Protein chains: 2
Amino acid sequence: MGSKILVVDDEHEIADLVEVYLQSENFTVYKFYGALEALQCIETTELDLAILDIMLPDMNGLTLCQKIREHHHYPIIMLTAKDEETDKITGLTLGADDYITKPFRPLEMVARVKAQLRRYKMYNPNRAEDAVSPVIVHSGLVMNVDTHECLLNEKSLMLTKTEFSILRILLEKKGSVVSAEELFHEIWQDEYYSKSNNTITVHIRHLREKMSDTVDHPKYIKTIWGVGYKIEA
Amino acid sequence: MGSKILVVDDEHEIADLVEVYLQSENFTVYKFYGALEALQCIETTELDLAILDIMLPDMNGLTLCQKIREHHHYPIIMLTAKDEETDKITGLTLGADDYITKPFRPLEMVARVKAQLRRYKMYNPNRAEDAVSPVIVHSGLVMNVDTHECLLNEKSLMLTKTEFSILRILLEKKGSVVSAEELFHEIWQDEYYSKSNNTITVHIRHLREKMSDTVDHPKYIKTIWGVGYKIEA
DNA sequence: ATTGCAGATTAGGAAAATCTTAAGATTTCG
DNA sequence: CGAAATCTTAAGATTTTCCTAATCTGCAAT
């Protein structure tokens with residue numbers, strides 16, 4: 001099954017919302033409305049990630065974060081209603097790996113969780129038993145997310161970070177059409193997207209160019225007009 | 001039958017309007033003009049989605065939203081007359097999945113309801129007994145909304161975005177007649193429609209032409225004079 | 001059979017979406 | 001800091017799709 005994620009927030013609605021969205025991605029969620037209740041779970045369960053609210057009634061979320069860090073080094077994401085820069089930084093220096101300010105869009109939260117998990121499991125392959133396989137293979141194409149290598153028909157493709165991300169997303173959803181906007185949001189979660197932003201188009205172009213160097217039919221990435229891009233399953 | 005949808009709004013006209021449009025899409029509607037009346041329904045009925053006004057006389061809609069979230073995970077859409085960004089965001093963090101500001105166009109509302117239902121049922125297949133499936137099959141025809149593919153008797157149909165939409169709508173309502181105006185509004189929710197606009201006719205023509213390439217009797221799409229088009233069930 | 005109207009058929013131009021390029025901005029790294 | 005790599009922006013070219021409008025066809029009521 002999916003990774004084990006701890007969620008601690010005294011605002012029930014938010015904790016529940018987070019839980020629902022994480023479960024819908026097949027993660028196993030351990031949800032608590034208070035820090036004290038969560039402590040036992042932290043000690044007894046081998047977690048893969050924690051999402052902690054900073055403002056908790058019984059214990060400061062940052063303290064909880066510290067407590068986790070005493071014995072564990074899986075990713076910790078802080079939730080905070082405050083938009084104060086100082087808090088963010090404090091959270092990060094205390095051992096958190098990312099922070100999300102409320103209010104947040106649920107899908108953005110999920111994207112960040114996945115990003116942290118990927119990074120974590122990359123350096124902890126022993127924890128990666130149920131991770132999204134770091135190596136993706138598809139008709140002549142081999143991608144290794146860990147090593148950031150990509151081979152097309154035995155030949156190495158030198159891809160930039162963004163190009164790599166686009167190709168990875170298309171392969172992960174291979175068969176389905178992915179719109180430019182979806183790609184954009186998967187890569188730059190918070191950034192604002194407008195139709196006049198054609199940066200995805202340009203990166204797609206670069207990708208196709210690099211792929212066409214080693215492949216006759218560079219139709220790997222298909223354009224579905226008015227809908228998006230896809231790689232045939 | 002269709003999904004069960006809760007509608008709560010003290011403005012009778014709006015609640016009634018929402019009800020009519022949802023019923024016309026074969027949803028089962030549970031309508032209430034106050035939050036207190038709705039509470040019992042929430043406890044006793046296995047709902048699939050809720051539409052709540054924020055401004056209610058007897059209880060804040062957001063509170064109602066919270067109450068639902070305590071025990072249920074189905075999508076919640078908030079209605080609000082206020083166009084204030086803060087309110088919208090509050091609604092979302094409190095557990096709502098989408099919001100619609102009044103005044104709204106009914107068909108847009110229906111579209112959002114469908115979008116939320118699709119997402120919800122996708123992750124809750126046990127609830128998907130009557131979900132709109134991403135793949136539609138009908139006498140030799142296979143449509144996959146995700147991959148944007150369409151096969152007619154094993155042969156691929158290359159459809160444009162609009163053609164695809166028209167065929168999808170006709171198939172989703174297969175058996176019943178759909179007028180050109182209905183098709184138009186399903187596809188271009190906001191745009192103005194006038195009889196002199198024969199664009200649907202033209203797209204239907206293109207569809208029929210593409211289908212006739214692989215089928216002897218291109219009577220898949222029947223014309224009901226003076227009423228609309230339909231695909232036999 | 002005639003007539004009126006709804007839909008069908010075309011084709012060409014308009015509009016929209018994507019592609020291509022290249023220059024300038026930014027980031028990275030030594 | 002400076003060079004190289006990468007990213008973003010923007011403008012114009014290209015491709016695909018859509019819409020309009022004029023004409024044609026055929027249903028259906030009289």
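Residue numbers begin at 1 in each chain, while the letters A, B, ... track the order of the sequences. These numbers come from a predicted model, not from an experiment.
- A/Asn197 comes within 4.0 angstrom of sugar-phosphate atoms only, judged by non-hydrogen atoms across all strands, and of no base.
- Between A/Trp188 and D/dT8, a side-chain N or O to OP1/OP2 separation shorter than 4.0 Å is present.
- Comparing D/dT15, C/dC19, C/dG7 against the side chain of A/Asn198 picks out C/dC19 as the nearest.
- At the heavy-atom level, A/Thr223 lies under 4.0 Å from the strands shown only through sugar-phosphate atoms.
- Distance from the side chain of B/Arg208 is smallest for C/dA8 among the nucleotides C/dA8, C/dT18, D/dA11.
- Protein atom CD1 of A/Ile200 is 14 Å distant from nucleotide atom C1' of D/dT9, rounded to whole Å.
- For B/Lys174, the NZ atom is densely surrounded, since the number of other residues' heavy atoms within 6.0 Å is greater than 12.
- Within the nucleic acid shown, A/Thr162 comes within 4.0 Å of sugar-phosphate atoms alone, with no base atom in reach, counting heavy atoms only.
- In this model, the phosphate group of D/dT6 is not approached by any side-chain N or O of A/His206 to a distance below 4.0 Å at OP1 or OP2.
- Residue B/Tyr229 places its side chain closer to C/dA8 than to any other of C/dA8, D/dT9, C/dA17.
- Between B/Glu25 and B/Lys173 there is a salt bridge, since a side-chain N of the basic residue sits under 4.0 Å from a carboxylate O of the acidic one.
- Side-chain proximity of A/Val202 to the nucleotides C/dT20, D/dC18, C/dT9 is greatest for C/dT20.
- Under 3.5 Å, the side chains of B/Thr162 and B/Thr160 contain no donor-acceptor pair of N or O atoms.
- Of the two residues contacting DNA chain D, namely A/Ser196 and A/Lys210, the nearest-nucleotide position lying further toward the 5' end is that of A/Lys210.
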- Message: Run the side chain to side chain contact (heavy atoms under 4.5 Å, CB included) test on B/Ile166 and B/Leu207 for me, step by step, so that the C-alpha distance in whole Å, both residues' side-chain angles and the decisive distance to 0.1 Å come before the verdict.
- Response: CA-CA 9 Å; B/Ile166 290 177; B/Leu207 255 177; 3.8 Å; yes
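- Side-chain N/O atoms of B/Lys161 include none lying less than 4.0 angstrom from OP1 or OP2 on D/dT17.
- Looking at the side chain of A/Thr160, the nearest of the listed nucleotides D/dC19, C/dA17, D/dC7 is D/dC7.
- Distances shown here put every side-chain N or O of B/Arg205 at or beyond 4.0 Å from the OP1 or OP2 atom of C/dG7.
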